[in-house]
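The next block holds one structure in the form of structure tokens; read it before the comments.
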Amino acid sequence: MSSKSVVRITTEDTKKTYEFPGLDNPQLWAVRLQIKCVESGGLAHFSSPSFCTERIIHVERETLANAGLMARPVKKEDKPLEETAEDLTLRLLEHVGVYPVE
């Protein structure tokens with residue numbers, strides 16, 4: 001009797017679950033969201049061991065491309081970006097419990 005290891009990933013952007021290994025999965029990306037306080041000198045040292053909130057989420061490549069964060073082939077009928085990189089970042093921050101206000 002043989003065993004098979006299966007990994008299931010649910011993306012935060014589409015809420016779809018993909019199974020690995022899989023044949024028809026879109027390209028998925030792991031996104032690390034880190035939140036760190038800006039220190040008195042105006043810098044945020046993410047590599048320092050002090051308090052830092054971090055979470056890794058998964059998104060489809062198309063979401064990143066649609067926000068201009070990944071290169072995509074240019075087609076004559078290309079429409080403008082569906083979501084800016086800033087909008088996507090703010091939306092993804094909600095997945096680590098941060099809801100920025102203006």
key: Test log, rule side chain to side chain contact (heavy atoms under 4.5 Å, CB included), inputs Glu19 and Val7   = CA-CA 6 Å; Glu19 194 171 280; Val7 174; over 6 Å; no
task = Indicate, with yes or no, if Ile9 and Trp29 share a hydrophobic cluster defined by side-chain heavy-atom contacts under 4.5 Å among Ile, Leu, Val, Met, Phe, Trp and Tyr.
result = no
Val31-Leu28 co-clustered via ILVMFWY side chain contacts under 4.5 Å = no
query = Which atom names give the shortest non-hydrogen contact between Leu88 and Ala67, and what distance separates them?
reply = CD2-CB, 3.7 Å
query = Which value, rounded to the nearest 0.5 Å, describes the distance between Ile57 atom CD1 and Asp13 atom CG?
reply = 8.0 Å
task = Please name the pair of heavy atoms, one in Ala44 and one in Cys37, separated by the smallest distance, quoted to 0.1 Å.
result = CB-O, 3.9 Å
query = Can you check whether His58 reaches Tyr18 side chain to side chain, under 4.5 Å on heavy atoms?
reply = no
ask   = Does CD in Glu12 sit with more than 12 non-hydrogen atoms of other residues, nucleotides or ligands closer than 6.0 Å?
value = yes
ask   = Would a 4.5 Å heavy-atom cut-off, applied to side chains only, mark Thr10 and Lys16 as touching?
value = no
message = Is it the case that the side chain of Asn25 and the backbone of Phe20 share a donor-acceptor pair, with hydrogens and angles ignored and the cut-off at 3.5 Å?
response = no
